[in-house]
Novice: 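Dropping the structure in here first, questions after.
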Amino acid sequence: MVLERAEILIQEGRMEEFLDVFRREALPLTAQFTGLISFRALRGVEDADSVMFLAEWESVDAHLASRPEPAHERFRQIVLPFTAGARQTVHFEPV
């Protein structure tokens, strides 16, 4: 298992619109990602324009293999128009 942490910054004034579209359209797509064990999206408290994705994958290879899949591509198409940037995505293994 590998935990991926990805953080995106949402364009100023668009968070509520993003959350509505994300919940309705993007979040359900994660159920179709090959190799995905679990997925959570969290809104920043100190930085209210940030959203962190925590995704548990079977492996980094599984994560990379899912990226060209139609559901994953559609997920990015939904999310990207709202983003103002992103912080480095990192992966963690259990100790």
Novice: Looking at CD1 of I78 and CZ of R24, how far apart are the two atoms once the value is rounded to the nearest 0.5 Å?
Specialist: 9.5 Å
Novice: Quick one: name the residues clustered hydrophobically with V45, using the 4.5 Å side-chain heavy-atom rule over I, L, V, M, F, W, Y, and just say none if it's on its own.
Specialist: none
Novice: Once rounded to the nearest 0.5 Å, what's the spacing between atom CE of M1 and atom NE2 of H91?
Specialist: 11.5 Å
Novice: Run through V21, I10, I8 and flag the one making a side chain to side chain contact (heavy atoms under 4.5 Å, CB included) with V79.
Specialist: I8
Novice: Please, which pairs that meet salt bridge (charged side-chain N to carboxylate O under 4.0 Å, His left out) have at least one residue in residues 30-41, sequence neighbours excluded?
Specialist: none
Novice: Under the ring pair (Phe, Tyr, Trp, His ring centres under 6.0 Å) test, which residues partner F33, sequence neighbours left out?
Specialist: H72, F75
Novice: Could you identify which residues cluster with V60, counting Ile, Leu, Val, Met, Phe, Trp and Tyr as linked when any side-chain heavy atoms lie under 4.5 Å apart, either directly or through a chain of such contacts?
Specialist: V2, L64
Novice: Just to verify, what does E69 make a salt bridge (charged side-chain N to carboxylate O under 4.0 Å, His left out) with, not counting sequence neighbours?
Specialist: none
Novice: Under 3.5 Å, is there a donor-acceptor pair between the side chain of R76 and the main chain of R67?
Specialist: yes
Novice: State, yes or no, whether a side-chain contact exists between V51 and F18 at a heavy-atom distance under 4.5 Å.
Specialist: yes
Novice: Going by the rule side chain to side chain donor-acceptor pair (under 3.5 Å), which residues pair with E17 if we only count those two or more places apart in sequence or in a different chain?
Specialist: R14
Novice: Kindly give the heavy-atom pair with the smallest separation between A55 and L36, and that separation in Å.
Specialist: CB-CD1, 3.8 Å
Novice: Check salt bridge (charged side-chain N to carboxylate O under 4.0 Å, His left out) between E25 and all other residues, then give those that pass, not counting sequence neighbours.
Specialist: R74
Novice: Applying salt bridge (charged side-chain N to carboxylate O under 4.0 Å, His left out), name anything that partners D61, two or more places apart in sequence or on another chain.
Specialist: none
Novice: Is there a path of hydrophobic side-chain contacts, each under 4.5 Å between heavy atoms of I/L/V/M/F/W/Y residues, joining F22 to L9?
Specialist: no
Novice: Taking atom CD1 of I37 and atom CH2 of W57, what is their separation to the nearest 0.5 Å?
Specialist: 9.5 Å
Novice: For the backbone of P81 and the side chain of Q11, can you confirm whether one donor and one acceptor N or O come within less than 3.5 Å of each other?
Specialist: yes
Novice: Tell me, please, which residues at least two apart from S38 pass side-chain contact (heavy atoms from CB on, under 4.5 Å).
Specialist: E56
Novice: Can you list the residues that meet the side-chain contact (heavy atoms from CB on, under 4.5 Å) rule with E16, with sequence neighbours excluded?
Specialist: L19, R43
Novice: Tell me every residue that passes salt bridge (charged side-chain N to carboxylate O under 4.0 Å, His left out) with E4, counting only those two or more places apart in sequence or in another chain.
Specialist: none
Novice: Which residues pass the side-chain contact (heavy atoms from CB on, under 4.5 Å) test with A62, not counting sequence neighbours?
Specialist: E58, S59
Novice: Closest approach of A48 and M15, non-hydrogen atoms and distance?
Specialist: O-CE, 3.0 Å
Novice: Check the pair L27, F39 against side chain to side chain contact (heavy atoms under 4.5 Å, CB included), reporting the backbone distance first and the verdict last.
Specialist: CA-CA 9 Å; L27 190 56; F39 183 90; 3.6 Å; yes
